[in-house]
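Keep in mind it's a predicted model, so treat the numbers as computed, not measured.
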Amino acid sequence: MSNEPEALEPAAPVAPAALDPEAAAAQLHRVRHSLAHVLAQAVLELRPGSTLGFGPPIDDGFYYDFILSAPLAESDFPALEAAMKKILTKGTHAFEREELPVAEAMARIASMGEPYKAEYAAELVEKKSLATLTFYRSGAFLDMCDGPHVDSTRDLRKAGFKLKSLAGAYWRGNSNNAMMTRIYAWAFLSKEELEAHVTAFKEAQERDHKKLGKELDIFVIDEDIGKGLPLWLPNGTVLRDELEKLAKEMEFKRGYHRVSTPHLTKVGLYHQTGHLPYYESHMYPIMELKETVSTAEGTTQQVREAYCLKPMNCPHHHKIFASRKRSYRDLPLRFAEYGQCYRFEDSGALSGLLRVRGMCMNDAHIYCTEEQIQAEFLSVMDLHRELYQVLGLSDYYMRFSTWDPEDPKGKLKYVDEPEAWERSQHLVREAMIQSGVPFKEVKGEAAFYGPKIDVQFRTVTGREETASTNQLDFAIPERLGLEYTGADNQAHRPYVIHRAPLGTHERFIAFLIEHYGGAFPTWLAPVQVRLLTVADRFDEYAAGIVSALRMEHMVRAELDTSGERIQKKIRTAAVEKIPNTLIIGEKEVEDGTVTLRRYGVQTQETMTIAAFTDRLVRSIKARSPALLD
């Protein structure tokens with residue numbers, strides 16, 4: 001039984017010829033886990049008195065969490081790496097597994113002075129009903145851990161590792177707990193693989209959405225507005241508008257009805273749904289409003305009402321469903337909205353557009369019968385595939401999150417309806433199998449009201465992130481009294497499918513910025529065409545083209561009127577990643593043509609205005625990744 005939290009499955013690197021991919025991946029997992037122990041040993045040598053948190057392998061290396069006796073900075077990394085190398089080269093130490101009865105194990109952990117390990121061990125024993133706990137010893141270092149590890153430190157000497165970064169991390173991910181120092185490291189089976197990965201990582205950093213968001217004028221976060229509340233600049237607003245247009249078109253074809261809801265609601269609604277106990281810590285403070293109103297008797301009285309900024313759109317949509325009587329003939333009923341939500345994320349967790357406090361969600365709720373669940377889930381999966389295909393996204397998988405009936409905190413985390421959980425999970429699992437979409441089942445990560453499907457993306461910068469969440473809700477309809485009249489003329493409860501294929505604008509646009517490196521395809525680009533004149537006397541001709549493109553075809557075209565030399569204008573357009581640049585000189589004016597420069601393409605092409613316009617308009621309509629011929 002594992003003594004550490006579940007780690008991501010290790011990604012198989014380019015393996016040595018002697019190992020097949022599966023064996024190489026297993027060996028890499030052991031190497032990373034063992035190096036995490038070596039890091040912990042080195043930290044305890046350099047910072048005696050520090051205490052340990054978790055130290056699992058992850059998809060490009062490992063990390064370890066510490067409460068440090070004295071601060072560490074990234075400038076200390078060379079000394080830490082030197083200490084790790086000394087541990088590996090000074091003698092050979094076996095990784096020895098020990099298994100102790102619980103009482104003896106708990107006494108050992110107490111003697112080690114490791115309070116966080118003791119807390120986790122006690123929880124493991126209670127949750128899993130363990131009779132024993134395991135430890136690994138390597139030389140002078142001892143850790144509560146279930147492995148697996150390499151045989152000895154000799155097996156780590158050819159591995160390539162490098163300390164990557166420091167971060168703050170709350171113990172167990174809970175902001176009410178102590179803030180620990182997390183040390184991240186890369187680790188691979190060979191030094192050559194490590195060097196290749198670090199080079200690729202540095203190149204990927206050039207795609208970081210925070211960097212490009214600033215350079216390309218997409219968004220800004222202003223302290224006077226507030227942390228985590230992005231201001232969308234004109235270029236960023238184009239990206240939002242184009243994604244909404246794409247989603248609305250696809251949803252319309254699939255029979256969705258668009259709705260709009262306010263940003264506020266009375267707090268009582270979240271008491272009814274049951275959201276408040278689960279989400280209150282991530283909501284903005286409740287607002288109590290006082291109002292003096294007139295009574296029927298001609299007197300006045302004070303009325304107090306509590307409101308909150310909505311952290312999700314679901315209850316509002318449920319109220320729209322409940323606004324009139326519904327029949328089985330109305331189902332499935334699909335309500336969609338790009339709805340603005342607010343969640344009070346910890347300031348330390350905020351990161352550009354990936355973690356924010358104000359977000360606009362590609363939300364929809366499908367009200368259906370039990371018999372319709374599978375077909376609706378399959379339709380939702382198909383919608384995901386079609387959207388991601390248009391956007392050129394392919395490196396993703398689905399994570400199916402279920403409840404954990406063995407979790408001692410289960411009644412605090414989940415609706416206490418075991419039969420409903422099992423039935424709904426079976427329905428979702430069958431739909432996922434039938435869809436053919438690869439998925440991984442994870443116990444204990446469901447929403448409080450039902451199982452969920454998360455879409456996990458591998459970003460070009462090496463992260464795995466959740467881009468979209470889909471959930472089957474069997475609990476909230478009961479709490480809100482949602483019902484429809486069945487064919488038997490009796491009242492029935494609908495099921496609700498929550499789905500958001502494009503997640504939130506904030507998170508999804510962060511993905512797209514990094515995926516495209518800021519060089520968006522023409523249909524999505526904030527500026528689709530920029531005209532550059534060799535001399536000011538050609539501006540009138542160019543302005544006519546801009547006007548025709550904008551007025552007749554709704555193309556986002558503009559004229560560079562900077563007065564700079566043509567080479568500077570070309571460089572500026574390239575830096576701003578404009579997909580289509582038209583050069584206008586004397587010959588173009590005389591011949592009624594334009595000379596096209598495509599971003600990232602070395603050759604230029606001269607053609608008539610009509611030919612260019614035809615290619616451009618067809619490409620935009622088709623949402624083509626390239627300019628069509």
side-chain hydrogen bond (donor to acceptor under 3.5 Å, both in side chains) partners of residues 469-478, not counting sequence neighbours, each pair once:
His384-Asn470, Tyr449-Gln471, Asp454-Thr469, Asp473-His498, Glu478-Arg493

Beyond-backbone contact of Leu239 with Phe508, side-chain heavy atoms, under 4.5 angstrom
no

Under the ring-ring contact (aromatic ring centres under 6.0 Å, His included) rule, collect the residues that match up with Tyr170, sequence neighbours excluded.
none

Any Lys/Arg nitrogen of Asp76 or Arg47 sitting under 4.0 Å from an Asp/Glu carboxylate oxygen of the other?
yes

Of all residues at least two apart in sequence or in a different chain, which pass the side-chain contact (heavy atoms from CB on, under 4.5 Å) check with Val390?
Leu246, Met250, Trp523, Arg623

Mind checking the CH2-CG spacing from Trp186 to Leu194? Nearest 0.5 Å is all I need.
8.0 Å

Is Met398 close to Met381 at the side-chain level, that is, under 4.5 Å between some pair of heavy atoms?
yes

How long is the straight-line distance from OH of Tyr120 back to CH2 of Trp171, given to the nearest 0.5 Å?
8.0 Å

Begin with the C-alpha distance, continue with both residues' side-chain angles, and end with the deciding distance and a verdict on side chain to side chain contact (heavy atoms under 4.5 Å, CB included) for Ile221 and Leu350.
CA-CA 11 Å; Ile221 294 177; Leu350 299 176; over 6 Å; no

Could you grab the distance from atom CD1 of Ile225 to atom CG of Leu231, nearest 0.5 Å is fine?
5.0 Å

Looking at Glu376 and Arg499, does any basic side-chain N land under 4.0 Å from a carboxylate oxygen?
no

Residues pairing under side-chain hydrogen bond (donor to acceptor under 3.5 Å, both in side chains) where one sits in residues 214-230, two or more places apart or in two chains, turn out to be Lys211-Glu215

Rounded distance (nearest 0.5 Å) linking atom CG of Leu387 with atom CD of Glu249
10.5 Å

For Phe62 and Tyr64, I'd like to know if the aromatic rings sit close, meaning centre-to-centre distance below 6.0 Å.
no

Any donor-acceptor N/O pair, Glu242 side chain to Leu524 backbone, under 3.5 Å:
no

Is there a side-chain contact between Val437 and Ile453 in this structure, where contact means two heavy atoms from C-beta onward sitting under 4.5 Å apart?
no

Pairs of donor and acceptor atoms involving the side chains of residues 304-314, under 3.5 Å and at least two apart or interchain, shall be tabulated with distances.
from	atom 1	to	atom 2	distance (Å)
Arg304	NH1	Glu288	OE1	2.9
Glu305	OE1	Tyr307	OH	3.1
Glu305	OE2	Lys266	NZ	3.0
Lys310	NZ	Thr261	OG1	2.7
Lys310	NZ	Pro262	O	3.3
Lys310	NZ	Asn313	OD1	2.8
Asn313	ND2	Asp363	OD2	2.9

For a quick check under 3.5 Å, do Arg258 and Tyr256 share a side-chain donor-acceptor pair by atom type?
no

Listed by chain and number, what are the side-chain contact (heavy atoms from CB on, under 4.5 Å) partners of Asp395, not counting sequence neighbours?
Arg458

Counting distance only, does the side-chain N/O of Arg556 pair as donor-acceptor with the main-chain N or O of Pro526 below 3.5 Å?
yes

ring-ring contact (aromatic ring centres under 6.0 Å, His included) against Trp232, all qualifying residues, sequence neighbours excluded
none

Measuring centre to centre across the rings, with the benzene-like ring taken for any Trp, is Tyr495 within less than 6.0 Å of Phe377?
no

Any donor-acceptor N/O pair, Arg334 side chain to Arg254 backbone, under 3.5 Å
yes

Test side chain to side chain contact (heavy atoms under 4.5 Å, CB included) on Tyr516 and Leu391; report intermediate values, then the result.
CA-CA 10 Å; Tyr516 293 117; Leu391 293 165; 4.3 Å; yes

Does Arg32 count as lying over the ring of Phe188, i.e. NZ or CZ under 6.0 Å from the six-ring centre, within 45 degrees of the axis?
yes

Taking it one step at a time, do Lys127 and Glu123 satisfy salt bridge (charged side-chain N to carboxylate O under 4.0 Å, His left out)?
CA-CA 6 Å; Lys127 183 177 179 180; Glu123 182 178 310; 5.4 Å; no

Quick one, Glu119 and Arg172 - any side-chain contact, counting heavy atoms below 4.5 Å?
yes

Salt bridge (charged side-chain N to carboxylate O under 4.0 Å, His left out) against Glu74, all qualifying residues, sequence neighbours excluded:
none

State whether the number of non-hydrogen atoms from other residues, nucleotides or ligands found under 6.0 Å of Lys162 atom NZ is greater than 12.
no

What I'd like to find out is whether the side chain of Ile320 reaches to under 4.5 Å of the side chain of His365, using heavy atoms alone.
no

State which residues pass side-chain contact (heavy atoms from CB on, under 4.5 Å) with Asn176; sequence neighbours excluded, sorted by chain then number.
Asn174

Who are the side-chain contact (heavy atoms from CB on, under 4.5 Å) partners of Leu276, not counting sequence neighbours?
Val267, Tyr270, His271, Glu280, Met283

Not counting sequence neighbours, which residues clear ring-ring contact (aromatic ring centres under 6.0 Å, His included) with His263? List them please.
Tyr342

What class does the angle between the rings of Tyr338 and His505 fall in, given that below 30° is parallel, 30 to 60° is tilted and above 60° is perpendicular?
parallel

Out of His515, Glu514, Arg507, which one pairs with His209 under the side chain to side chain donor-acceptor pair (under 3.5 Å) rule?
Glu514

Please check: side-chain N/O of Thr51 versus main-chain N/O of Glu114, any donor-acceptor pairing under 3.5 Å?
no

Residues at least two apart in sequence or cross-chain that pass ring-ring contact (aromatic ring centres under 6.0 Å, His included) with Tyr367, listed by chain then number, are His318, Phe321, Phe335

Near Tyr284 OH, under 6.0 Å, is it more than 12 heavy atoms from other residues, nucleotides or ligands?
yes

Check: Val259 and Glu337 side chains under 4.5 Å, non-hydrogen atoms
yes

Phe457/Tyr388 under side chain to side chain contact (heavy atoms under 4.5 Å, CB included): CA gap, chis, key distance, verdict:
CA-CA 11 Å; Phe457 271 92; Tyr388 298 161; 3.9 Å; yes

Which atom pair, heavy atoms only, marks the closest approach of Gly274 to Arg479?
CA-NH1, 2.9 Å

Donor on one side chain, acceptor on other, Glu464 and Tyr397, under 3.5 Å:
yes

Can you tell me how far the CZ atom of Phe219 sits from the CD1 atom of Ile509, to the nearest 0.5 Å?
10.0 Å

Around atom CD of Gln389, are there more than 12 heavy atoms of other residues, nucleotides or ligands at under 6.0 Å?
no

List the atom of Ala247, the atom of Leu502, and the distance in Å for their closest heavy-atom pair.
CB-CD1, 4.0 Å

Any salt bridge between Glu506 and Arg240, counting N to O under 4.0 Å?
yes

For residues Phe252 and Lys248, determine if any side-chain heavy atom of one lies less than 4.5 Å from a side-chain heavy atom of the other.
no

To the nearest 0.5 Å, what is the distance between NE2 on His316 and OG on Ser260?
11.5 Å

Do Thr504 and Val356 make a side-chain contact, defined as non-hydrogen atoms from C-beta onward lying under 4.5 Å apart?
no

